[in-house]
Amino acid sequence: MAPKPRLRAYEGPALLSYGFRPFFLLAALQAGFTILVWLLVVTGHIAIPTAFGPVDWHIHEMLFGYQAAAIGGFLLTAIPNWTGRLPVQGKPLLVLVLAWLAGRIAVALSAVIGWRLTMSIDSLFLLLLAASAGREIVAGRNWRNLKVVVLIGLLLMANLAFHLEARLAGGADFSRRFAIAVVLLLVALVAGRIVPSFTRNWLAQRRQGRMPVPFGLYDKIVLAVSAAVLAIWAALPEARVTGIALAVAAGLHLFRLARWAGARTWRNPLLVILHVGYLFIPLGFALTAAASLGILAPAAGLHAWTAGAFGIMTLAVMSRASLGHTSRPLVATAATQLCYGLVIIGTVARICSALGHGPVALLHIAGLGWSLGFLIFTAAYWQILTGPRLGAKAPAQPS
């Protein structure tokens, strides 16, 4: 069993009482509004004073803005459960929030303030997050989760490389693949722990039927193979061997998902969405394999991973953790289910658009659907994330 986190006396704003509160809120706002801004940029209605090209700005802010905030919220909430130590709250948490916000402002104004200052400011959040996570994990002697700190460190390196490559080469092609690979490994690692665990906990109440297989040797093999395959893809995205390796990884992840008894969770939307989100990982591997073999455009697989796996899994974790850690019932309301549906529709529409199916308007439908899903989440969970936790004064149990 995971250690129970302890809480110090805290009388400040509820928003700064636990890491998931500000960062899940910021992640949802960033996801929703950035896509709307991107649609206006790509259609020529507005321009942003950023040193990045339009595509690089879009990719950077989704990976190092939205996704980094979601990762930060998850880690700052999970680590106290792993170690039993006090969570980051109050002024230290505010410093992390301000560092993240400063990065978003700096990137948006990078053509004005210069790329070197932008890179320095934008790297600060991931640096502080890695340092905070590493300190807590080491102090709590929770050695097995040090791999998460390594992945955050790699994401920091990818961000630095993104700025340098965009400046020196005019585009961040390698760095964006590097960053996507790191986030994908982090999502696959976390999903392998929580999806079968949450599914087993719920199915155990029903006693009959197949149970999910817990994290074990097969999962470690899949993660190791995936890391090697993604490294090859980052370096040689168009090689035939890359396409074959990606196809193998797709099969491994699909079988991994099949071991988690997802078909038995259809009555529980909070569980179903986790399985649906993970499905986009093998789909992304398969579509990217086809792209490496010259069959499809690369954007289809990239959006299966980023809009699908990253977006849907993030939304699933944010909604479940927000409910569980504020002592609310683990029930997906109509608004929550609407968020899920809109993000799924937006993802599928974006993949179809990348495949060349349907009118150009499909791209706008994809963006609006995906964005609206996160903005509805923001409205539905605003009070949950900014208000007091319900019930007892003791910390909420891990959801």
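Just so you know, these numbers come straight off a predicted model, no measurement behind them.
Considering F74, F125, W100, Y18 in turn, F125 is the only one that fulfils the ring-ring contact (aromatic ring centres under 6.0 Å, His included) rule with F23.
Side-chain atoms of S353 never come within 3.5 Å of backbone atoms of A349 as a donor-acceptor pair (strictly under, hydrogens ignored). Within the 3.5 Å criterion, the main-chain N or O of D173 finds a donor-acceptor partner in the side chain of R177.
Ring-centre distance between F24 and F377: not below the 6.0 Å cut-off. Residues W260 and Y278 place their aromatic rings such that the two centres sit under 6.0 Å apart. Ring-centre distance between F52 and H58: not below the 6.0 Å cut-off. Ring-centre distance between F174 and F162: not below the 6.0 Å cut-off.
For the pair R320 and F198, the cation-pi test (distance below 6.0 Å, angle within 45°) is passed. Under the 6.0 Å distance and 45° angle rule, R264 does not count as a cation-pi partner of W266.
Side-chain contact, T199 with H275: a donor N or O sits under 3.5 Å from an acceptor N or O. No side-chain N or O of E238 forms a donor-acceptor pair with one of S292 less than 3.5 Å apart.
Ion pairing between a basic and an acidic side chain is recognised when a charged N comes within 4.0 Å of a carboxylate O; D56 and R176 show such pairing.
A distance of 11.0 Å separates CZ of F374 from CD of Q30, quoted to the nearest 0.5 Å.
Linking ILVMFWY side-chain heavy atoms closer than 4.5 Å, directly or via other members, places L252 and L254 in a single hydrophobic cluster.
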